[in-house]
Colleague: 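Structure in structure tokens, see below.
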Amino acid sequence: MSNLTIPSGRKLRIAAFLAVMGPGVIAGLSDDDPAGITTYSQLGAKYGYRMLWVLVVSTFALIVFQDLGARIGVVTRQGLIGLVRQKYGARAGSFSAVALILANVGTMTAEFAGVAAAGQLFGISRYVTVPLTGFLISALVLRGTFKKAERVFFVLSAVFISYVIAGFMAHPHWGAAVHGMVVPSMPFTRDAVNIATATLGTTLAPWGLAFIQSYAVDKRLTRADLKLLRADVWVGSALTGIIGFFVIVTCAATLNHEHITNITDASQAARALQPLAGTLAKDIFAIGIIGAALLAASILPLSTAYSVGDLTGSPAALDDKFEEAPLFYLTFAAITVVAGGLIMIPGVSLIWILISSQVLNAILLLPLLAYMFGIARDKKLMGEFVAGRRSLTLYGLIIAIVAICVLAQFWFIFNL
Amino acid sequence: MKRPPVASINTVAKRLVGRSDLLISRKSVRDSLVSLAGLIGRPVFGPDGREIGRLVDVVVRHGEETYPPVSGLIVKIANSKSFINGARISVLTPSSITLSSAKINLETFSRRPGESLLDADVLDHQIVDVDGLRVVRTSDLYLAPFNKEIRVVGVDISFMSFLRRLFPGSISRRPTPEHVLDWASVASLTDSTGVVRTSATRSALSQLRPADLADLIEDLAGREQGALIEMLDPALAADVLEEMEDDELEGLLRGLTAESSAKLLSHMEPDESAEVLRDLEEEHRESILGAMEVGTAKQLRELVSFDEELAGGIMTTHILIVKSTDTVATALQLLVENRERESSDGVVVVDSKGKLLDHIQTVELIGAVPSSRVSELMAKPFPVAVTIQTPINEVVEEFSNNRGSSIIVIDEKNKPIGRILADDLVDALSQNRNRFTQGGVTRS
């Protein structure tokens with residue numbers, strides 16, 4: 001049966017697509033967006049190798065929940081927000097949508113902050129770069145030319161792989177790094193809790209969870225594709241962790257070593273790349289930040305708009321006209337305008353926005369993770385893919401860790 | 001999301017607008033609508049006005065009636081859920097229910113086949129809006145007394161009604177009939193026992209074109225897909241499957257039992273089902289073939305084994321064969337018996353050994369004397385034939401040289417075993433082109 005050796009159209013298409021980038025890899029690399037790089041840099045600069053274990057836990061949580069999201073999407077063929085509405089009712093559905101929208105506005109603001117910070121490295125004002133970015137992204141996405149642009153952003157953001165090389169060239173203390181990965185310790189200070197929470201929030205981002213699920217629904221992936229999709233999710237999540245690891249290690253070996261323990265602007269963060277790039281460090285850092293910011297910023301409003309459509313029960317897509325899907329386009333516009341507007345407020349600290357948005361992410365993760373937990377154990381929805389006791393324990397453990405971080409965060413905010 | 005073609009929406013709309021039997025268009029019904037979403041959690045009173053408990057859910061019974069009647073209530077009484085028979089409802093208002101007797105025998109609810117829970121199974125779930133040809137989520141359901149029972153009469157799918165439910169108090173209970181679809185014009189597909197079947201949704205669905213139904217199915221979630229397809233008459237379902245994208249169809253079949261898949265595929269044209277089967281994993285394919293009638297399975301196995309690049313892989317084995325000694329009446333009879341099939345535009349004539357002689361069009365047969373023999377109609381041009389092993393591009397050449405609408409496929413003994421129709425060829429060619437461009441190689 002020679003015909004069986006010819007791959008069918010679908011398999012070939014997905015294989016070819018995944019070879020370039022699958023949704024898991026997109027989500028993974030977009031996690032290493034300006035907010036991610038800044039948070040990881042700050043963690044390495046402030047605490048050296050000591051808190052690497054936070055990244056290990058976060059990456060593990062990312063793998064577990066992205067995998068669950070992929071499974072829920074393929075099995076139920078519904079987006080996360082729509083499912084929450086179906087299972088928990090109108091108020092819960094709206095609540096989860098609001099949580100997701102807030103988190104996404106925060107992250108979108110961080111993407112703009114990244115572009116603004118990168119622009120400032122070249123002496124360009126944020127009042128130029130931010131509106132320009134907003135227009136560029138909207139034009140690319142809404143005019144449908146964004147598939148090609150996406151690849152360009154993807155390549156640009158891959159510049160961050162240079163952290164891997166820079167990490168080796170900075171001659172880090174590998175023993176201390178391994179120790180920091182496996183032995184959890186941290187000072188119980190407001191600052192340390194803040195950066196640990198931000199690390200969790202930037203790695204296991206709410207938008208990534210909604211994105212992977214709606215991707216599976218929108219691309220109509222079936223159970224036959226699940227293996228490939230899961231492989232992609234694992235690779236993407238691991239990639240996030242690996243790049244994050246090298247960012248932290250590089251910053252620990254350079255910035256922390258040179259006693260720069262508080263990053264206040266992008267040029268300081270860029271100095272971590274000096275062992276590799278010397279005087280070009282700034283440029284490489286800026287290119288990477290811009291690429292990653294544009295990649296994430298072009299997916300974020302789209303993914304949010306999709307989730308809102310999911311809530312109202314009328315899934316929309318880019319080939320719909322405005323009259324057919326007003327809510328879709330309004331959400332898209334609102335996210336972009338609000339996030340851009342926040343960055344334009346005079347005197348706003350970009351580094352503060354970059355890190356605080358990720359703390360917000362962690363807080364808003366809690367309800368979303370809890371809903372996913374509930375869906376995972378619902379036999380009616382998940383059928384044979386329903387989560388067993390062991391998986392549920394794992395999900396519960398991760399949710400507890402996020403909850404502890406958030407509680408500690410609140411404790412410091414209201415007591416000190 | 002795919003949109004159905006505009007023309008078809010208009011056709012359906014024309015058919016359905018002005019349907020005067022819709023309950024929701026009666027004023028008496030519109031004035032007595034009760035919002036289900038608003039009613040959940042409200043008090044249930046006894047005849048003396050004392051509160052017995054709070055409403056948890058409403059159970060309806062689906063049957064042959066268009067508007068399903070309420071068969072019971074699930075009420076939370078002192079921290080346990082009890083079932084109360086629907087016949088005991090005496091007053092239904094938007095904010096409460098009053099029962100005709102205070103007697104409570106704390107029945108625990110167990111769902112009977114054909115029943116569904118409106119809050120747990122239908123509200124906020126996906127339904128098919130048959131008139132609008134789309135998949136939507138239920139924002140609210142409306143109950144109203146009609147024909148001696150309280151029934152579900154309408155579905156609200158609007159965003160405004162969804163927002164209304166977020167508010168506390170009486171705002172959340174106010175019905176908004178301007179956004180209501182009649183229950184007869186939607187297909188609700190979920191209940192935990194399987195399918196909610198109502199005669200109304202079945203007949204509404206069967207009015208749609210197979211291509212529109214295929215689009216709807218592609219928009220539904222996994223479990224609902226299977227529910228909808230099983231609701232259709234097998235012959236229509238087979239037509240719908242033929243309209244679906246290959247990937248979608250594979251996904252759909254994976255969600256069905258081998259028996260249902262076998263039933264559906266047997267109703268499809270053999271070449272189309274062979275094409276579907278060819279793409280399935282071997283184990284899955286065998287389980288479906290195993291559930292089929294032996295003859296059909298054998299025929300399909302053979303078709304599946306043919307190479308897609310050769311004539312055998314794209315032909316349909318459904319051909320009507322008559323002997324040259326048969327009468328015209330016999331041939332016509334055969335055509336009438338097979339009028340549903342797409343290959344019924346003529347008959348293939350063979351000699352006593354079964355070898356190919358000619359292909360005679362239906363028109364020619366109609367014009368002939370019924371008692372005459374088929375052989376008398378045989379004349380030039382004799383049909384073009386290819387073998388199973390003929391590559392597709394040669395088949396194309398034969399087609400363009402002869403300008404016919406079909407080509408006959410013969411085996412090595414010159415016996416006809418199948419036909420290739422022009423549309424099969426178009427399918428095969430467009431698939432090939434996709435395959436090559438997707439692989440990054442363009443064939444010029």
Side-chain angles (χ1 to χ4, degrees), chain A residues 1-17 74-79 82-95 98 217-225 308-321 324-328 379-381 383, chain B residues 1-3 37 40 119-121 123-127 134-140 157-159 161-166 172 190 192 218-225 245-248 250-252 254-255 278-282 284 304-310 313 431-432 434-435 438-440:
Chain A
M1 288 206 242
S2 62
N3 57 69
L4 289 179
T5 59
I6 303 169
S8 81
R10 178 178 57 82
K11 280 175 197 119
L12 199 65
R13 193 167 64 223
I14 288 179
F17 182 64
V74 166
V75 175
T76 65
R77 304 192 56 152
Q78 299 188 54
L83 268 182
V84 173
R85 174 178 168 191
Q86 173 171 325
K87 185 170 162 58
Y88 295 101
R91 284 183 190 156
S94 307
F95 174 62
V98 168
V217 178
D218 199 46
K219 290 284 179 293
R220 305 169 182 284
L221 299 186
T222 61
R223 289 172 190 206
D225 304 317
V308 170
D310 200 23
L311 174 72
T312 63
S314 49
L318 280 173
D319 48 7
D320 292 335
K321 290 196 184 68
E324 288 174 320
L327 213 56
F328 178 83
K379 182 98 194 1
K380 204 171 133 191
L381 286 172
Chain B
M1 195 179 76
K2 262 187 233 153
R3 298 268 161 193
I40 300 294
D119 185 44
D121 301 335
L123 194 64
D124 291 318
H125 282 63
Q126 290 183 323
I127 52 164
R134 60 202 166 141
V135 176
V136 290
R137 274 191 201 277
T138 326
S139 291
D140 203 353
I157 57 165
S158 71
F159 183 51
S161 301
F162 173 75
L163 288 180
R164 156 172 71 77
R165 288 171 55 201
L166 304 180
S172 73
T190 11
S192 67
E218 289 175 6
D219 283 339
L220 278 171
R223 249 160 43 97
E224 283 81 359
Q225 284 193 324
E245 303 279 332
D246 290 353
D247 311 359
E248 281 291 325
E250 266 186 72
L252 174 68
R254 213 169 279 115
R278 199 177 278 135
D279 285 340
L280 298 181
E281 283 157 27
E282 192 166 350
H284 187 199
V304 168
S305 71
F306 291 134
D307 194 320
E308 271 180 289
E309 304 284 296
L310 302 178
Q431 266 171 25
N432 273 338
N434 285 341
R435 181 151 64 224
Q438 273 159 12

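Within every chain, numbering begins at 1; the chains are lettered A, B, ... in the order of the sequence lines, protein sequences first and strands thereafter. Side-chain atoms are counted along with the backbone in the values below, which use heavy atoms only and exclude waters and symmetry mates.
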Colleague: If I compare all heavy atoms of A/A90 with all of B/D124, which pair ends up nearest, and what's the gap?
Modeller: N-OD2, 3.6 Å
Colleague: Name the region of B/S158, side chain, backbone, both or neither, that has any atom closer than 4.5 Å to a heavy atom of chain A.
Modeller: neither
Colleague: Heavy-atom cut-off 4.5 Å, strictly under: side chain, backbone, both or neither for B/A37 against chain A?
Modeller: neither
Colleague: Rounded to the nearest 0.5 Å, what separates atom CG in B/L123 from atom CZ in A/R85?
Modeller: 7.5 Å
Colleague: Need one label for A/L83: side chain, backbone, both or neither, based on atoms under 4.5 Å from any heavy atom in chain B.
Modeller: backbone
Colleague: Tell me, with the steps shown, if A/Q78 and B/R137 meet side chain to side chain contact (heavy atoms under 4.5 Å, CB included).
Modeller: CA-CA 11 Å; A/Q78 299 188 54; B/R137 274 191 201 277; 2.5 Å; yes
Colleague: Do you know which two heavy atoms are closest between B/D121 and A/K380, and how far apart they sit?
Modeller: OD1-NZ, 3.2 Å
